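Report on one structure; see the data block that follows.
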There are 2 protein chains.
Amino acid sequence: MASVTLKDVAKVADVSYATVSRAVSGSPEISEETRRRILKICKEMGYTPNSIARSMVKRCTNILGLIVPSLNNPFMSELTADLEIYARNRGYNLMVCNSSYDHDLELEVFSLLIGRQVDGVIMIPVGHEPYESLSALTKQVPTVFISENMQDYPENYVSVDNYRGMQIATEYLFSLGHRDILYFGARSNSKTHELRLDGYLSSCEKLGMTPHVLRSTYSRSSREVGYALAGEYFSQPRQETAILCSADMLAIGVKQAAYEAGIRIPKDVSLMGFDNISFSALPEIDLTTINQPTQQIATSAVDMLLDHIRDPEAERTNLILPPSLIERKSCRSVRA
Amino acid sequence: MASVTLKDVAKVADVSYATVSRAVSGSPEISEETRRRILKICKEMGYTPNSIARSMVKRCTNILGLIVPSLNNPFMSELTADLEIYARNRGYNLMVCNSSYDHDLELEVFSLLIGRQVDGVIMIPVGHEPYESLSALTKQVPTVFISENMQDYPENYVSVDNYRGMQIATEYLFSLGHRDILYFGARSNSKTHELRLDGYLSSCEKLGMTPHVLRSTYSRSSREVGYALAGEYFSQPRQETAILCSADMLAIGVKQAAYEAGIRIPKDVSLMGFDNISFSALPEIDLTTINQPTQQIATSAVDMLLDHIRDPEAERTNLILPPSLIERKSCRSVRA
DNA sequence: ACAGGTAACGTAAACGTTTGCGTAAAACAG
DNA sequence: CTGTTTTACGCAAACGTTTACGTTACCTGT
């Protein structure tokens, strides 16, 4: 398990270990001949450069931290995969941490990642409230958020246009004839979910509908949360003809509860989600939803972060990507 | 961005930096009084220990590598989440790498992780064939596989009992009256999938059924692969009354193809999966399957790896966990 | 009071790299 | 052939820790 170091190969090659370093790191100040000779010896001895030691002196680790609320939500796990692959192709590895939708834990793993000397952090924040403590952290390391943030927190971020996305959803349901639309969301104080709600509310106002909002006490956008909340809702008389969920996972939970309550979708009630996770495309789910350009979010987030790492003084940029309607079979027209 | 080091706080506290180190690392050879004084100064100056430097001298990083074929499969992403959380609670961070079901890439990221000086590697292997090259890597760092491996590769591993699991599935379908069962698998040469197939074959022999096997040319157990392969299959006349898939994701793809071909499940054909991903519990999917004890796999894998790290000479242990049948509504009895 | 022990802290080496600087030899210009 | 530049390499410091060892000062027991 004791690995071979520069000094070891230097001894064998009968050169100083600085020369070996230059050979392996591709420095120009070395002759092609000795480079080939040394690299051959490296192979033979099974030398692997110690990136920890390299990080010490170069003062960068080529490691990125990723803080994500959960990997059980396919939107986030697929995003994580895209981030990892893209980052690795650009020479960076990803240290992944679950915040488990816990605000304190989120901050805790953030400083843990800083202690790990990551070169940058990508974070999907769970909420928005106590971000004074977060600022103290983002000052220490380049950070990009996958979330929308307002002027009061002008860090780098990339996101789908949540506000517009939910407007599109609301307008779509309106165009189908729905006039009583229930907005169904997790209790998250994140900007992302705040803007989605605002988009719904603004469209309601514009279209002259009275909004109905039902929010869970949990901040987690999971199937279980949607299921539990919808179970209650369906047990009582209702007037809404459509349910607009702030996430596909919630919608899937709602659908499950509807199924068990004998309520058919879209016959008895229309259902929409947001995110367009891959499972929503299943014929049995067939959920009309708003698409997030996951891959583009991932590549942009990494690009923005690397730019910021290379030039910390550069101006912060934000990127809002356009959402799009994915029309499937979970909504029906209720025109008379 | 320039962080404060031991020397900086030593200067302020007017002690040697060794003393500061002892204060923060909880060494006993320091008085309680100076410890408190130094820790207070650390807080004030915002000192965060540099774990890179610590890793240099302690010769361990407290980082674990995870190599996973894909995060798009909920079985793997949920497993990843469990691994990360459990490992973090034991003081280790996770560096996650996708192998994308690519054998060469798998080996490439493995050596990349070794260069990163990870203390151990957890790997869900994509295949089994060219494992001479893998041995060269596992010799360099403690490794545990989440997969079954045979005597020819006696590394640490933890897995559900794939062979028995598929026997249970086959026997279950038999007990329902099925005599023509199609085994539907991805072309994976991993031990995991090999054993699942073997379990099916052995049960067929024991129960006097002639096996029918259909395998994809892709090694990826994805919805798309299941969909494509089943599309072909359903376009031709068939005699089988049940389809047994080597993974839930495949079964979900099969179900989608069946839906589009107008074939109803379980009325026209019964369907079974393997893994018990959370989506299989949805009423619209409602897939009868074999459960993997994900959480236990995750904790055991981490425990085994940490044991191995602490005592590299210790004997390798393997853990085979019992599978269990999850009976849902995707299979029907065909007794006359 | 004195030997011996212990508690608390300082000194310095070490971990494996990278890299600025120095220097010898080789290449070149005149 | 001399003087200058260039090339290829060695030397040594530095990155921020940990820790074995030394060294005080203080506390024991007799």
Side-chain angles (χ1 to χ4, degrees), chain A residues 1-39 41-42 45-63 91 112 114-119 140-141, chain B residues 1-39 41-42 45-63 91 112 114-119 140-141:
Chain A
M1 215 76 78
S3 51
V4 29
T5 76
L6 277 188
K7 297 197 188 189
D8 298 325
V9 324
K11 211 165 291 173
V12 174
D14 196 38
V15 291
S16 81
Y17 57 89
T19 307
V20 182
S21 168
R22 285 188 262 256
V24 303
S25 62
S27 158
E29 22 181 328
I30 187 176
S31 74
E32 259 324 302
E33 186 196 340
T34 45
R35 151 164 299 144
R36 265 194 292 271
R37 191 171 63 87
I38 289 177
L39 287 184
I41 298 180
C42 285
M45 302 182 64
Y47 167 73
T48 355
N50 184 326
S51 56
I52 294 291
R54 174 179 306 195
S55 297
M56 272 295 297
V57 31
K58 300 201 85 168
R59 318 187 60 69
C60 71
T61 53
N62 279 38
I63 298 176
L112 199 135
I114 291 176
R116 290 256 178 228
Q117 309 298 119
V118 297
D119 292 342
Q140 300 180 55
V141 61
Chain B
M1 218 73 80
S3 51
V4 28
T5 77
L6 277 188
K7 297 197 189 189
D8 298 327
V9 323
K11 213 164 291 172
V12 174
D14 196 39
V15 291
S16 81
Y17 57 90
T19 307
V20 183
S21 168
R22 284 189 263 255
V24 303
S25 62
S27 158
E29 18 181 332
I30 186 177
S31 74
E32 260 323 302
E33 186 197 339
T34 46
R35 152 164 298 142
R36 265 194 292 272
R37 190 171 63 88
I38 290 177
L39 287 184
I41 298 181
C42 286
M45 301 183 64
Y47 167 73
T48 353
N50 185 325
S51 56
I52 294 291
R54 174 179 305 194
S55 297
M56 272 296 297
V57 30
K58 301 201 85 169
R59 318 187 59 67
C60 70
T61 53
N62 279 37
I63 299 175
L112 200 135
I114 290 176
R116 291 252 178 231
Q117 310 298 117
V118 297
D119 292 342
Q140 300 180 55
V141 62

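Model, not experiment: these values are computed from the prediction.
- Remark: C1' of D:dA20 and CD of B:Glu29 are 9 Å apart, rounded to the nearest angstrom.
- Counting heavy atoms from C-beta on, the side chains of B:Asn62 and B:Ser51 never come closer than 4.5 Å.
- In this structure, of C:dT11, C:dT17, D:dT18, it is C:dT11 that holds the atom nearest to the side chain of B:Arg22.
- For the OP1/OP2 pair of D:dC9 and a distance below 4.0 Å, the side-chain nitrogens and oxygens of A:Ser31 include at least one atom meeting the criterion.
- Residues B:Thr61 and B:Gln117 share a closest heavy-atom pair of OG1-O, 2.8 Å.
- Distance, A:Glu32 CD to D:dT7 C1': 13 Å, rounded to whole Å.
- Separating the CD1 atom of A:Ile52 from the P atom of C:dC15 is a distance of 16 Å, rounded to the nearest angstrom.
- Between the C1' atom of D:dT19 and the CE atom of B:Met56 lies a distance of 15 Å, rounded to the nearest Å.
- In this structure, A:Leu6 reaches the bases: a heavy-atom distance under 4.0 Å links it to at least one base atom across the strands shown.
- Below the 3.5 angstrom threshold, one finds no donor paired with an acceptor across the side chain of B:Arg59 and the base of C:dG16.
- Here the side chains of A:Val15 and A:Ile38 are in contact, with some heavy-atom distance below 4.5 Å.
- Side chains of A:Tyr47 and A:Ile41 form no contact here, defined as non-hydrogen atoms less than 4.5 Å apart.
- In this model, the phosphate group of D:dC15 is not approached by any side-chain N or O of B:Tyr17 to a distance below 4.0 Å at OP1 or OP2.
- Nearest heavy-atom pair across A:Val141 and A:Ile114 is CG1-CG1, 3.8 Å.
- Residue-to-nucleotide proximity on DNA chain D shows that, of A:Pro28 and B:Thr19, the 5′-proximal contact is made by A:Pro28.
- OP1 or OP2 of C:dC9 lies within a sub-4.0 Å distance of a side-chain N or O belonging to B:Thr34.
- Here D:dC15 presents its C1' atom at 13 Å from CG of A:Asn50, a figure rounded to the nearest Å.
- Counting any heavy atom pair closer than 4.0 Å across all strands shown, A:Thr5 reaches sugar-phosphate atoms only and no base atom.
- Between B:Glu33 atom CD and C:dA8 atom P the separation is 10 Å, expressed in whole Å.
- If you take CZ of A:Arg35 and P of D:dT7, they are 14 Å apart, rounded to a whole angstrom.
- Computed from coordinates, the A:Ile30 CD1 to D:dG10 P distance equals 9 Å when rounded to whole Å.
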